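Input: a single structure, listed below in structure tokens.
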Amino acid sequence: MKQFLVKHRESLLVALLGLVIIVALNVMMLQYHYQPWTNPKVGFWSAFWNRFEISGFDPYTYIVVSKWRTIYVLSRHPLLAGMMWPLSELNGWLMEETGMNCSIFIVGVLLVVCAMSAWMLMYRIQRRLLGMSMKISLLLILYFYSFSHVMLTIFVEDHMAFTLPLLLLAIYLAERAIQKGKTMPLWQSLPLLFISTGVTTTNCVKIGLADLFTQWGRKPFRRIVLHFLVYLIPLGVIGWLYYYQQENTQKEEARNIERTVNRRMARDSVFAVKWKQEQAEIKKRKEQQLIHLDFVTNTDYKIDRLPSLVENVFGEGFILHNRYPLRDSNKNYRPVLVRYKYWWNYAFEAVIVLLFLAGVWFGRKQRLMWMLMSMFLFDMLLHVGLNFASADVYIMTAHWAFVIPIAVAYLIRHTATKPRLNTVVLCAVLFLTLYMWGHNLQIIIQHIVR
């Protein structure tokens with residue numbers, strides 16, 4: 001035991017710090033509408049949906065774990081409801097034993113596990129694969145989690161919290177294979193593809209890219225094609241499960257919603273007016289879409305891309321705005337574009353972007369950097385090119401922002417031979433980390449604990 005502690009002392013210290021931060025934030029989240037969520041006086045949907053408001057995140061997981069329903073959009077999250085079924089059964093048993101809804105505690109434990117996995121995977125990427133020192137690796141982890149909508153994934157339930165550790169695991173396994181001169185074996189890539197695609201459909205592209213960069217230039221093109229044809233097996237299984245759920249659970253869910261709405265409209269005229277207004281708003285939004293498919297909803301062509309990049313993608317995603325803090329634009333509680341109150345937030349945002357671009361430049365000869373940039377550009381194509389989820393694009397930050405601390409690691413490594421420049425870079429990262437942790441956490445605490 002003593003030898004184990006000595007050998008893994010460094011990793012244990014990093015894990016302990018991460019655990020303290022992650023558990024503390026999840027304990028804070030338990031204060032958010034604790035009484036109406038643990039002892040709801042109305043249905044679970046009303047209890048969570050009417051009170052949950054954090055950026056553009058949805059309370060679907062709380063609702064599903066409270067009482068299992070297939071309310072996720074199947075085209076985007078084909079297996080997520082099924083993954084939550086065991087937790088829903090556990091919650092049902094706990095409700096019988098305790099007399100209270102324990103979904104927020106169960107989901108909180110799940111978020112701690114996911115956040116700790118992502119925390120340690122980022123550390124391993126920095127320390128073992130990029131060769132950074134313990135202190136710099138820890139600094140870059142804290143830098144990554146200081147981004148507002150990465151920090152939120154620690155304790156806010158949504159699919160981003162589940163996706164992040166899966167993508168980091170794919171990156172870690174792919175880069176380890178690259179450094180060994182090997183390719184990612186199918187026994188690693190196929191389970192990752194199946195699970196991550198089941199959580200969020202677009203993850204299949206990123207798993208495929210990670211796998212491709214271990215194969216490219218090391219195998220003949222014909223063998224690469226044959227290798228990726230095997231992907232049709234897990235994707236085919238997901239497709240069959242999607243069809244089964246669509247024909248069975250999803251249609252029944254739609255009928256239940258229709259019956260519930262009709263009954264309430266018959267006895268509540270105020271609700272009837274509000275429901276009709278919401279449906280009219282949904283119809284209006286659909287007419288503004290670039291692409292009319294369930295898979296890529298919210299592709300709003302009326303949202304300007306450059307302001308969205310400044311205020312949302314590289315703005316709200318990293319540094320929360322003081323105006324309309326954590327309000328939901330989908331519920332008309334927040335404008336889509338909000339400007340910062342103070343000029344220095346734009347200056348800090350510019351520094352973040354410049355450090356990122358410098359890191360990409362100095363890591364341009366590394367296969368890992370190309371892999372990460374391909375994932376980043378895929379997300380930018382979706383969220384900037386197609387304006388997918390443009391109303392609250394910042395909630396997707398955890399899907400791509402992991403490229404930034406890794407790029408900055410290449411910048412730090414390159415400037416190691418220039419002590420003054422290296423010190424400037426490290427001080428800039430440290431300052432940004434402290435500022436974003438302080439600024440974002442203050443706004444988050446004020447919103448959650450009230």
Side-chain angles (χ1 to χ4, degrees), residues 55-58 73 75-76 144 147-150 152-153 158-160 163-164 167 171 200-210 285-321 324 328-330 334-340 345-361 363-364 369-408 436:
S55 290
F57 295 104
D58 296 319
V73 179
S75 58
R76 294 205 295 268
F144 176 55
F147 300 160
S148 60
H149 281 74
V150 176
L152 287 168
T153 64
D158 211 317
H159 62 91
M160 277 66 72
T163 288
L164 179 58
L167 293 180
I171 292 165
T200 302
T201 311
T202 52
N203 285 343
C204 66
V205 175
K206 295 177 184 178
I207 301 300
L209 287 169
R285 287 185 179 182
K286 285 184 176 180
E287 292 172 353
Q288 297 175 351
Q289 304 306 304
L290 286 170
I291 300 174
H292 296 275
L293 293 173
D294 289 341
F295 178 68
V296 281
T297 54
N298 300 326
T299 52
D300 192 338
Y301 65 85
K302 290 189 176 181
I303 297 176
D304 293 331
R305 288 169 174 79
L306 184 57
S308 180
L309 269 174
V310 173
E311 304 295 350
N312 290 340
V313 178
F314 292 108
E316 182 79 358
F318 298 152
I319 304 171
L320 292 172
H321 288 78
Y324 308 98
D328 192 344
S329 60
N330 292 305
R334 177 191 192 275
V336 172
L337 297 173
V338 179
R339 290 188 60 81
Y340 284 112
N345 285 318
Y346 291 106
F348 297 154
E349 181 184 338
V351 174
I352 293 170
V353 174
L354 288 173
L355 289 172
F356 168 45
L357 293 177
V360 172
W361 174 255
R364 68 190 184 279
M369 195 73 256
W370 282 96
M371 179 206 307
L372 293 170
M373 285 305 295
S374 67
M375 296 179 182
F376 170 76
L377 292 174
F378 171 69
D379 271 1
M380 291 303 104
L381 172 64
L382 283 178
H383 300 307
V384 181
L386 297 179
N387 266 357
F388 171 58
S390 49
D392 50 13
V393 64
Y394 34 82
I395 70 172
M396 307 292 182
T397 303
H399 279 189
W400 58 267
F402 46 75
V403 65
I404 294 178
I406 296 174
V408 172
M436 287 189 288

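This structure is a prediction, so every number in the text was calculated from the model and none was measured. Positions are given from 1, in the same order as the sequence printed here.
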Is there a side chain to side chain contact (heavy atoms under 4.5 Å, CB included) between Ile404 and Phe144 once you walk through the steps? CA-CA 8 Å; Ile404 294 178; Phe144 176 55; over 6 Å; no
For [X] and [Y], work out which heavy atoms get closest and say how close.
X	Y	value
Ser75	Thr201	O-OG1, 2.7 Å
Met371	Leu209	CG-O, 4.3 Å
Val310	Glu349	O-OE2, 2.7 Å
Asp58	Asp158	N-OD2, 2.9 Å
Thr153	Ala398	CG2-CB, 3.7 Å
Ile319	Ser148	N-OG, 3.9 Å

Any side-chain heavy atom of [X] sitting closer than 4.5 Å to one from [Y]?
X	Y	answer
Met380	Val313	yes
Phe402	Leu372	yes
Met375	Leu167	no
Asp379	Met396	no
His159	Arg76	no
Val338	Glu311	no
Val393	Val384	no
His399	Thr200	yes

Testing Phe147, Tyr394, Phe378, Phe314 one by one against Trp400 for a ring-ring contact (aromatic ring centres under 6.0 Å, His included), which residue passes?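 Answer after filtering Phe147, Tyr394, Phe378, Phe314: Phe314.
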Please confirm whether Phe376 and Phe356 have ring centers closer than 6.0 angstrom.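 Yes; Phe356 has its ring centre under 6.0 Å from that of Phe376.
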Judged by modelled atom types alone, do Glu316 and Tyr340 share a side-chain donor-acceptor pair under 3.5 Å?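 Side chains of Glu316 and Tyr340: no pair found under 3.5 Å.
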Could you tell me if Ser55 and Asp392 have a donor-acceptor pair between their side chains, going purely by distance under 3.5 Å?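 No, no side-chain donor-acceptor contact under 3.5 Å.
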Mind checking the CG-CG spacing from Leu382 to Leu377? Nearest 0.5 Å is all I need.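 These two atoms lie 11.5 Å from each other.
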Nearest 0.5 Å, please: how far is CE in Met160 from NE2 in His149?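 It comes to 8.5 Å.
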